[in-house]
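These notes concern the structure reproduced below.
Just so we're clear, the structure is a prediction, and the values are computed from it rather than from any experiment.
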Amino acid sequence: MRTQSASGRFRIGQHTVELRAPRLSDADSWRRTCLEHEERLRPAFGDANADWVSEHSSTAWADKWWCARTDPFVVHSRVLIAGDGTDARMVGQVEHVGPDPRTGHVETSIWIAGVPKSSPSIAQWALATCVLDVLLMFPDVPRVIGPVYVHNRAAAALGESVGFEHVQTLRRLREYAGQPADHAIYAIENTAEVRAALASNVDGIAAVPLPRSRAAAPSLAATLGAARLGARKVRGRMRRSNPIDAPHALPGVARAAGDHTVEFHARRGGVYEAHVDGRPAGTAQVSVDVGTSTTEIIDRTSHELPAGTADAVVIAACRAAAQHQETRRLTIAAADPSPRVTDALATIGFRPEGATWPTRGDESTPRATWTRLRE
C-alpha cells in the first residue's frame, strides 16, 4: 500500500504552512524542533531505554525518511512545515501505518510542536487533510484509528475536532513516560458521509494555496547521516546469519474444555489450520505487534461448525498462547462469545475490554476484545 497524494503549501491566517512528503533535507529542522520540545514530545514518543538526543540524530532521521519512502507498512507520511525561506521549520508529522491483519484498518500517529499559538487550526487542518487523503486513496480501508493516552485530553480533543469517536480503552497498550499505560482508541469510518464531513472541515479552515517550495539540498550532517545509515544496512546484510525458526505459537495438539481434541497445523504467515476431533474447523492466526507488545489470536473458525466446536478452538488457542506468552498483551476478538468461552478465558486470566470491530470477511459477526496481561 503506497500513496502519492497531493501535498501543498498554504496560508492559514497569517502563517505559511506546507504539508508534504518527508525529505532528507528535513533532518536539521526535525532534530531542532524535537530537542526544543523534548518535554512535550518525549512522554509519548520517547524510548525509556534510549537517549532522546541520540534518538534524534541525523542518522535517525535518515532511517525515518527511508522508511517513509520504502516501508510497505507506512501507507502515508507527511511533515508539517511552518514559515517561509530560512525561517521555515518542521513543526509536526502525520503518519499512517497498516493495514491491521484482522480488521484492515490503518493507524494514525501525529505530533505537533512549535505551531504558532495564534493559529491553533493548523493542527486540525493537517490531521483532517491527511486522514481524508488516506480514506480517498485507499477505499478498501474501512477506518482510521488513533490510540491516545487516556489522560492526554489535548490529543483526544484534536481527534474529536475532525470526527474521531471513542470506541474502547485498551489496558497497557503502549508506553507513556516510560511506563505501560492505558490508551483510548478513537476511530473514524471510511464512509461517504465521513469523507464529506472531513472535506468540509478542511474547507472551513480556509487555507489559501501558495506556490510549492523548492526542495533544499540536504545539509552535510543529513548527508552523513544517510551515509551512516547505508553503511549500517550493508553491514547488517553481510553479517546476517541464517534465520532461526521461532517456537510454534500453537502446539500440534491441545486439549480444550470437555473431551474435544484440537490440532493445529502451521501454515505460512502465522496461520494455523484447526481440526477438532479430526475434522476441519477453520483457521486461527497468530499476529505479533512489537510496537504495542501485543500478540493477537485471530479466530477464523467456520460458522457452520457444530455447537461447541468453534469454542473448543478458541479456548485451546488461548490456553496454548497464554502458556508461552512473551508479549505484554495477549488478545483475541472473540466472536459473540458463549458463557463457556468467557468462563474459560477468565480462568486463564483474560479480561474484557469491550466491543470491537468485526473481522474482515466476517463483518456480520459481533466481536468483543478479551485481553490477558503478562505481569
Any donor-acceptor pair under 3.5 Å from Arg328 side chain to Arg172 backbone: yes
What are the two closest heavy atoms between Ala333 and Thr356, and how far apart are they? CB-CG2, 3.9 Å
Taking the six-membered ring for Trp, is the centroid-to-centroid distance between Trp30 and His56 below 6.0 Å? yes
Using every non-hydrogen atom in the two residues, find where Trp61 and Arg23 come nearest and quote the distance to one decimal. NE1-O, 3.0 Å
Are Val17 and Val115 connected in a single hydrophobic cluster, I mean Ile/Leu/Val/Met/Phe/Trp/Tyr linked by side-chain heavy atoms less than 4.5 Å apart? yes
If the condition is side chain to side chain contact (heavy atoms under 4.5 Å, CB included), which residues does Thr301 pass it with, not counting sequence neighbours? Asp299, Leu305, Ala310, Val313
Ring pair (Phe, Tyr, Trp, His ring centres under 6.0 Å) partners for His166, two or more places apart: Tyr186
With ILVMFWY side chains joined below 4.5 Å, transitively, what does Ile298's cluster contain besides itself? none
For Tyr176 and Ala181, which heavy atoms make the closest approach, and how far apart are they? CB-CB, 4.0 Å
Do Thr365 and His303 get their side chains close enough for a donor-acceptor pair, meaning under 3.5 Å? yes
Any idea which heavy atoms bring Gly98 and Val106 closest together, and the distance? CA-CG1, 4.1 Å
For Asp343, give me all partners under salt bridge (Lys or Arg N to Asp or Glu O under 4.0 Å), at least two apart in sequence or on another chain. none
I'd like to check Cys130 versus His96 (side-chain heavy atoms, cut-off strictly below 4.5 Å). Are they in contact? yes
For salt bridge (Lys or Arg N to Asp or Glu O under 4.0 Å), just list the numbers for Arg42 and Glu55, CA-CA rounded to whole Å, side-chain angles, deciding distance to a tenth of an Å, and then say yes or no. CA-CA 10 Å; Arg42 185 167 188 170; Glu55 285 186 298; 5.4 Å; no
When rounded to the nearest 0.5 angstrom, what is the spacing between NE2 in His151 and NE2 in His183? 10.5 Å
Any side-chain donor-acceptor pair under 3.5 Å between Thr327 and Ser293? no
Would you mind writing out the side-chain donor-acceptor pairs for residues 121-128 within the sub-3.5 Å range, not counting sequence neighbours?
{"from": "Gln124", "atom 1": "NE2", "to": "Asn201", "atom 2": "OD1", "distance (Å)": "2.8"}

Thr59 side chain near Asp63 side chain, heavy-atom distance below 4.5 Å: no
Which donor-acceptor pairs under 3.5 Å do side chains of residues 134-149 form with protein atoms, sequence neighbours excluded?
{"from": "Arg143", "atom 1": "NE", "to": "Glu189", "atom 2": "OE1", "distance (Å)": "3.3"}
{"from": "Arg143", "atom 1": "NE", "to": "Glu189", "atom 2": "OE2", "distance (Å)": "2.9"}

Under a single-linkage rule joining Ile, Leu, Val, Met, Phe, Trp and Tyr whose side-chain heavy atoms are separated by less than 4.5 Å, which residues share a cluster with Leu210? none
Any side-chain donor-acceptor pair under 3.5 Å between Arg89 and Thr33? yes
Beyond-backbone contact of Val194 with Leu198, side-chain heavy atoms, under 4.5 angstrom: yes
Take Phe73 and Cys67, measure what side-chain contact (heavy atoms from CB on, under 4.5 Å) needs, and give me the verdict at the end. CA-CA 9 Å; Phe73 194 63; Cys67 285; over 6 Å; no
Spell out, yes or no, whether Leu373 and Ile297 are grouped together once hydrophobic residues are joined by side-chain heavy atoms under 4.5 Å, including indirect joins. no
Would you please name every residue forming a side chain to side chain donor-acceptor pair (under 3.5 Å) with Glu363, sequence neighbours left out? none
Can Asp203 and Ser200 be said to form a side chain to side chain donor-acceptor pair (under 3.5 Å), step by step? CA-CA 5 Å; Asp203 292 342; Ser200 177; over 6 Å; no
Residue pair Ile332, Arg102: steps toward the side-chain contact (heavy atoms from CB on, under 4.5 Å) verdict: CA-CA 10 Å; Ile332 184 170; Arg102 185 181 72 81; over 6 Å; no
Gln325 and Arg372: side-chain donor and acceptor closer than 3.5 Å? yes
For the side chain of Ser161 and the backbone of Leu158, is there at least one donor-acceptor N/O pair under 3.5 Å apart? yes
Report the C-alpha distance between Asn190 and Arg195 in whole Å, list the side-chain angles of each, state the deciding distance to 0.1 Å, and finish with yes or no for side-chain contact (heavy atoms from CB on, under 4.5 Å). CA-CA 7 Å; Asn190 193 358; Arg195 294 191 298 271; 2.7 Å; yes
Identify the two heavy atoms, one from Phe264 and one from Leu250, that lie closest to each other, and give their separation to 0.1 Å. CD2-CD1, 3.8 Å
Would you call Glu353-Arg329 a salt bridge at under 4.0 Å N-O? yes
Among all residues two or more places apart in sequence or in another chain, which pass the salt bridge (Lys or Arg N to Asp or Glu O under 4.0 Å) test with Arg11? none
For Glu273, which residues count as a salt bridge (Lys or Arg N to Asp or Glu O under 4.0 Å) partner, sequence neighbours excluded? Arg267
How would you list, by chain and number, every residue that makes a side chain to side chain donor-acceptor pair (under 3.5 Å) with Thr309, sequence neighbours excluded? none
So do the side chains of Leu132 and Val162 get within less than 4.5 Å of each other, counting heavy atoms only? no
Could you measure the distance from the CZ atom of Arg174 to the CG atom of Asp182? Nearest 0.5 Å is fine. 13.5 Å
Under a 3.5 Å cutoff, is there a donor and acceptor pairing between the side chains of Glu95 and Ser77? yes
Are Val286 and Glu296 close enough that some pair of their side-chain heavy atoms sits under 4.5 Å apart? no
Between the side chain of Asp277 and the main-chain N/O of Thr261, is any donor-acceptor distance below 3.5 Å? yes
Stepwise, does the salt bridge (Lys or Arg N to Asp or Glu O under 4.0 Å) test hold for Asp362 with Arg300? CA-CA 9 Å; Asp362 187 22; Arg300 301 187 191 276; over 6 Å; no
Looking at Glu165, I want to see if its CD is surrounded by more than 12 non-hydrogen atoms of other residues, nucleotides or ligands under 6.0 Å. no
Distance-only polar pair, side chains of Thr295 and Glu326, donor-acceptor under 3.5 Å: no
Suppose the criterion is ring-ring contact (aromatic ring centres under 6.0 Å, His included): which pairs have a residue in residues 341-372, not counting sequence neighbours? His105-Trp357
What closest approach, in Å, do Gly114 and Val91 show between heavy atoms, and which atom pair accounts for it? O-CG1, 3.7 Å
Check: Arg367/Thr359 side-chain N/O donor and acceptor closer than 3.5 Å: yes
Does either side chain, that of Asp289 or that of Thr292, offer a donor lying less than 3.5 Å from an acceptor on the other one? yes
Quick one: pull up OG in Ser25 and CE in Met90 and give me the separation to the nearest 0.5 Å. 9.0 Å
When you look at Leu19 and Thr129, which way does the side-chain contact (heavy atoms from CB on, under 4.5 Å) test go after all the steps? CA-CA 9 Å; Leu19 197 61; Thr129 299; 3.8 Å; yes
